[in-house]
Amino acid sequence: MKYNFKKTEKKWQKIWRDEQTFQSEDNSTREKYYCLIEFPYPSGDGLHVGHVRSHTALDVIARHKRLVGKNVLYPIGWDAFGLPTENYAIKTGIHPADATRQNIAIFKKQIQSLGISFDWSREINTTEPEYYKWTQWIFLQLYKKGLAYKKAMPINWCPSCKIGLANEEVVDAKCERCGHVAERKNLNQWLLKITQYADRLIEDLETVDYLDKIKTSQINWIGRSYGAEIDFLVDNSNEKIRVYTTRPDTIFGTTYMVLSPEHELVEALTTDKQRKAVLAYQKLTRTKSDLERTELAKEKTGVWTGSYAVNPVNKELLPIWIADYVLSTYGTGAIMAVPAHDERDFEFAKKFKLDIKEVIQSEQGILAKAYIGDGKLINSDFLNGLEVEKAIEAINKWLEDNGIGKSAKNYKLRDWIFSRQHYWGEPIPIVFCEKCGEIPVPEDQLPVALPMVEKYEPTDTGESPLADISDWVNTTCPKCSGPAKRETDTMPNWAGSSWYFLRYIDPKNDQSFADQDKLKYWMPVDLYNGGMEHTTLHLLYSRFWNKFLYDIGVVPTSEPYQSRVSHGMILAPDGEKMSKSRGNVINPDVIVTEYGADVLRVYEMFIGPYDQAVIWDTNGIKGVKRFLDKVWKFENFVAKDSEKIISSLQQTIHKVTKDIDQMHFNTAVSSLMEFVNEIIITGCSQDTFKTFLILLSPFAPHLAEELNQKYGNKQYVCQEKWPKFDKNKIKISTIEMPIMINGKVRQRLIVSPDITEEEIKKLVMSDEKLQKYLISKPKKFIFVSGKMLSIVV
RNA sequence: GGGCGAGUGGCGGAAUUGGUAGACGCGCUGGACUUAAAAUCCAGUGACUGAAUAAGUCGUGCGGGUUCAAUUCCCGCCUUGCCCACCA
């Protein structure tokens, strides 16, 4: 009888749903296992085969953990605020809330057709007031602790999306969303002080188990460096310039100073003679987009202010320049330039014919390029003869003793720009009162709900569309009850996803974001999977929020995720990224309809190493279908298993268990295939076949359940016990042992696996084929028990 | 320019405390079944020499090295993917 996958898959999905088979227990004495998949953004495009890959992979793990007796939490929800939905609303007039609802319904149906064992009773949605009430609540806690503040600042501005962008959202100087070149614009923005957590975000990585490349990318993004801050007095003036440098040891090599064009001292330091040039340069850099600045990076530009600074160590006069290769947002926005030992300074000095003074001994001629390596200090007075490391210690002490500077550290990480001038996001719960100023909305008035509107178009002024809704904007001050206005900025996409893993633990709680006892039981997340594209930002932001919540005593662990893994992308058959515009998208629904969910699941697990990018191959699906058909049609049952089958079963148990643990799903599937190929030939007992069905069930749950039932098991496969590997049951009577002569395999002998060296030598000496190689006397035997024999003649 | 990773049959890929390279799957070739096709089943399938299921040579990006033995370890290159790029 042919396997009716459509009927069977529907049948089991209904049973699982009706009986709530995969619901996690909150008050359990069993050991917990929390596995988390990044919740999808319910876009209008529907589910992607990439979603299927990661959701299935963690489903295999979740199902396996249940079978070994763990209380598993494997939840799903929707990260539904965001620009695409808002843009869709602008285009079609459909309210974002309606569009979101529709998209979620589609995603949900698609995911459910795959038989993923999510606990649907915990489904969450970041756009529901019951959810974002708590996102706003967390913001208020940050605000209370002084970690949220408003500041006028130049932001990256996308003139196409009409939205402020965080540094992280500017890619190649372009808007991450639409690709339009980003500009600079001054706006009042909310910021979160993530920089205050920079050190802990680096150091606590030692306590978690992430892939090394993920840890590295977190560390690089934070970009901590150690150096010194040094004050340089300005000649004929009371002003002083503070610089940050990682190489204070080279201070005697300073030949000029550079301020960023935006630096606050520029105006005071500019002489009348230079004023015109300086103003022109400032204007030029202001209008330059980031892209132009990047593209022109090779060519250094700058202008002299007309002033000089005094080098504190030797009183030399140093001309003060402004140049846009010095960034206003990093360090102090000013540098001491040491062209002999810094590539950028060298380039600048060459172009403007400034002095180059060598202070580190090197073999190379300094005229060709800057020397940035180690060596002994020269031309540096009291530092002469010291190695770089020692010299840094010495100069730091000198600076401190003389009150001129001190050692310091710096980060590339900036505070997180948290404002967005858009409609479809969480309103920031702050009001502005004419009398009382900036007032947080009291917690009992949360959520500050998004008002229903007809128009979502962002304004050209940069204000949020919410600013146009006077009914909503005008409110009363929670403190004095006088007239007040609401904050009209909304939160970025990253807000709701920064804490969703906590909400799954207690999704219906209306007293707090989650119950403390439940949090203590479930946290931290044991396994977190997501794409590489989120390993810097989302991971950093959510770790920051969790640490903050830990500090105020409302979550039990400092780190939210015990381990983090990432999946590779699925590329289209042409080797390109799947995209609508290329027309090479594979729709998972089509595969499910044609072959069934189990085939799609097993195929995606078999397609290649989980952490690597793979190319979709429609032919590969046929192979998986053949495999599952063979399992369905299997009927070569025998009363008693052969020794060979008993051993093979144990080896398969061992391999599949190990591979699931290590996320080597492709080789787990291939060992299941090998086992089936074997029992088709030799036959196996029904018990052995049932054990095999348990091994298969995480990958092809519907088929495994159906066959399990067919062979009379009342209990579902998903409620069985995972078989235990028993090494003692493996009995191998003979092996093929290769005999190597001078490094080449010349013969293979069938022998017992525990043959001794003496016995195998005897066999070799009497072997006909080997005689011609053994005419000259063997010098050396290397015998690896149970593996091989190597002979040197 | 910097950081991390990857290069194995016609294709996706397997194998690393150094120990039979090419598991498993696709594709391909031949055969069985069929009026025919699809599906299914059986056999074969790294390259080369060879009538050969005799024997042998070569073979894991390229060039060296260590070793009885290297896809695996070391040195030097090439190619390619991803991430970050004026961070003082």
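All values derive from a computational prediction rather than experimental measurement. Note that these values count all heavy atoms, side chains included, but never hydrogens, waters or copies made by symmetry. Numbered from 1 within each chain, the chains take letters A, B, ... in sequence-line order.
In this structure, CD1 of Ile322(A) is placed 22 Å from P of rA88(B), rounded to the nearest angstrom. The distance from atom CD1 of Ile739(A) to atom P of rA69(B) is 17 Å, rounded to the nearest whole Å. Distance CG (Asp249(A)) to C1' (rA88(B)): 13 Å, rounded to an integer number of Å. In this structure, CD1 of Ile621(A) is placed 13 Å from P of rC26(B), rounded to the nearest angstrom. One interatomic measurement links the two molecules: CG of Leu628(A) to C1' of rC24(B), which rounds to 14 Å at whole-angstrom precision. Rounded to whole Å, the distance from OH on Tyr603(A) to C1' on rC24(B) is 14 Å.
Listed candidates were rA15(B), rC86(B), rC84(B). Nearest to the side chain of Lys300(A) is rC86(B). The side chain of Trp221(A) lies closest to rC84(B), out of rC24(B), rC86(B), rC84(B). For Asn666(A), counting side-chain heavy atoms from C-beta on, the closest listed nucleotide (rA14(B), rG19(B), rA88(B)) is rA14(B). Side-chain proximity of Thr246(A) to rA88(B), rC4(B), rA15(B): nearest is rA88(B). Set against rA88(B), rU20(B), rA23(B), the side chain of Arg748(A) has rU20(B) as its closest nucleotide. Closest contact between the side chain of Leu327(A) and the listed nucleotides rG25(B), rG13(B), rA88(B) involves rA88(B). Side-chain atoms of Ser670(A) lie closest to rC24(B) of the nucleotides rU20(B), rC24(B), rA88(B). Taking the side chain of Thr216(A) as heavy atoms from C-beta on, and the options rA88(B), rU57(B), rG3(B), the nearest nucleotide is rG3(B). Counting only heavy atoms from C-beta on, Thr667(A) has its side chain closest to rA14(B) among rA14(B), rA69(B), rA21(B). Relative to the side chain of Lys655(A), the nucleotides rU20(B), rA15(B), rA23(B) differ in distance, and rA15(B) lies closest.
Closest-nucleotide positions on RNA chain B for Glu736(A) and Ser217(A) were compared, and the one nearer the 5' end corresponds to Glu736(A). Place His664(A) and Thr332(A) on RNA chain B by their nearest nucleotides, and His664(A) ends up nearer the 5' end.
Between Asn677(A) and rG25(B) there is a side-chain polar atom (N or O) within less than 4.0 angstrom of OP1 or OP2. Distances shown here put every side-chain N or O of Asn619(A) at or beyond 4.0 Å from the OP1 or OP2 atom of rG12(B). For the pair Ser225(A) and rA88(B), the criterion of a side-chain N or O lying under 4.0 Å from OP1 or OP2 is met. Side-chain N/O atoms of Tyr330(A) include one lying less than 4.0 angstrom from OP1 or OP2 on rA88(B). In this structure, Lys622(A) does not reach the rC26(B) phosphate: none of its side-chain N or O atoms is under 4.0 Å from OP1 or OP2. In this structure, Lys744(A) reaches the rC58(B) phosphate: one of its side-chain N or O atoms is under 4.0 Å from OP1 or OP2. The side chain of Arg626(A) places no N or O atom within less than 4.0 Å of a non-bridging phosphate oxygen (OP1 or OP2) of rA39(B). Using a 4.0 Å cut-off, no side-chain N or O of Arg242(A) falls inside it from OP1 or OP2 of rA88(B).
With ring centers used as reference points, Phe606(A) lies 6.0 Å or more from Phe627(A).
rC4(B) sits 22 Å from rU8(B) when the C1' atoms are compared, rounded to a whole Å. Spacing between rG63(B) and rA51(B) at atom C1', rounded to whole Å, works out to 40 Å. Distance noted for atom C1' between rC28(B) and rG12(B): 16 Å (whole Å). Using atom P as the reference point in both rG65(B) and rU71(B), the two lie 15 Å apart (nearest Å).
Across all strands shown, rA43(B) forms a Watson-Crick or G-U wobble pair, both distances under 3.5 Å, with rU29(B). The base-pairing partner of rG56(B), taking Watson-Crick or G-U wobble contacts with both distances under 3.5 Å, is rC48(B). rU67(B) makes up no base pair with any nucleotide shown, lacking Watson-Crick or G-U wobble contacts both under 3.5 Å. When both pairing distances are held under 3.5 Å, rC86(B) makes no Watson-Crick or G-U pair with any nucleotide shown. Base-pair partner of rU34(B): not found among the strands shown (Watson-Crick or G-U wobble, both distances under 3.5 Å). Searching all strands for a Watson-Crick or G-U wobble partner of rG81(B) with both distances below 3.5 Å returns rC4(B). Shown here, rU16(B) forms no base pair; nothing in the strands shown gives a Watson-Crick or G-U wobble contact with both key distances under 3.5 Å. Under the Watson-Crick or G-U wobble criterion, with both distances below 3.5 Å, rG76(B) is paired with rC62(B).
At a threshold of 4.0 angstrom between heavy atoms, the contacts of Met788(A) include nucleobase atoms, whether or not backbone atoms are also involved. In this structure, Leu672(A) reaches neither bases nor backbone, as no heavy-atom distance under 4.0 Å exists between it and the strands shown. Residue Val792(A) is classed as a sugar-phosphate contact, given heavy-atom separations below 4.0 Å to backbone atoms only. Lys412(A) comes within 4.0 angstrom of a base, heavy atoms only. When heavy atoms are screened at a 4.0 angstrom cut-off, Arg746(A) is found touching the sugar-phosphate backbone but no base atom. Residue Gln612(A) is classed as having no contact, given no heavy-atom separation below 4.0 Å to the nucleic acid. Residue Gly743(A) is classed as a sugar-phosphate contact, given heavy-atom separations below 4.0 Å to backbone atoms only. Across all strands, Thr245(A) comes closer than 4.0 Å only to sugar-phosphate atoms, never to a base (heavy-atom distances).
In this structure, Lys300(A) satisfies the cation-pi test against Tyr325(A), with its NZ or CZ atom closer than 6.0 Å to the six-membered ring centre and inside 45 degrees of the ring normal.
Put simply, the side chain of Lys215(A) gets close to the backbone of Leu205(A): a donor and an acceptor are under 3.5 Å apart. In terms of modelled atom types and a separation under 3.5 Å, the side chain of Gln218(A) and the main chain of Thr536(A) share a donor-acceptor contact. Checked by atom type and distance alone, the side chain of Asn410(A) never pairs as donor or acceptor with a backbone atom of Ser225(A) at under 3.5 Å.
Classified by its glycosidic torsion, rG9(B) falls in the syn category, the angle being within 90° of 0.
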Full working for ring pair (Phe, Tyr, Trp, His ring centres under 6.0 Å) between Tyr603(A) and Tyr595(A):
CA-CA 11 Å; Tyr603(A) 171 67; Tyr595(A) 296 96; 9.3 Å; no

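Judged purely by distance below 3.5 Å, without hydrogens or angles, the side chains of Thr667(A) and Asp659(A) pair a donor atom with an acceptor atom.
Using the six-membered ring where Trp is involved, Trp416(A) and Tyr541(A) have ring planes that are parallel, under 30° apart on the 30 and 60° scheme. Ring pair Phe634(A)/Phe637(A) is perpendicular by interplanar angle, where above 60° counts as perpendicular and below 30° as parallel.
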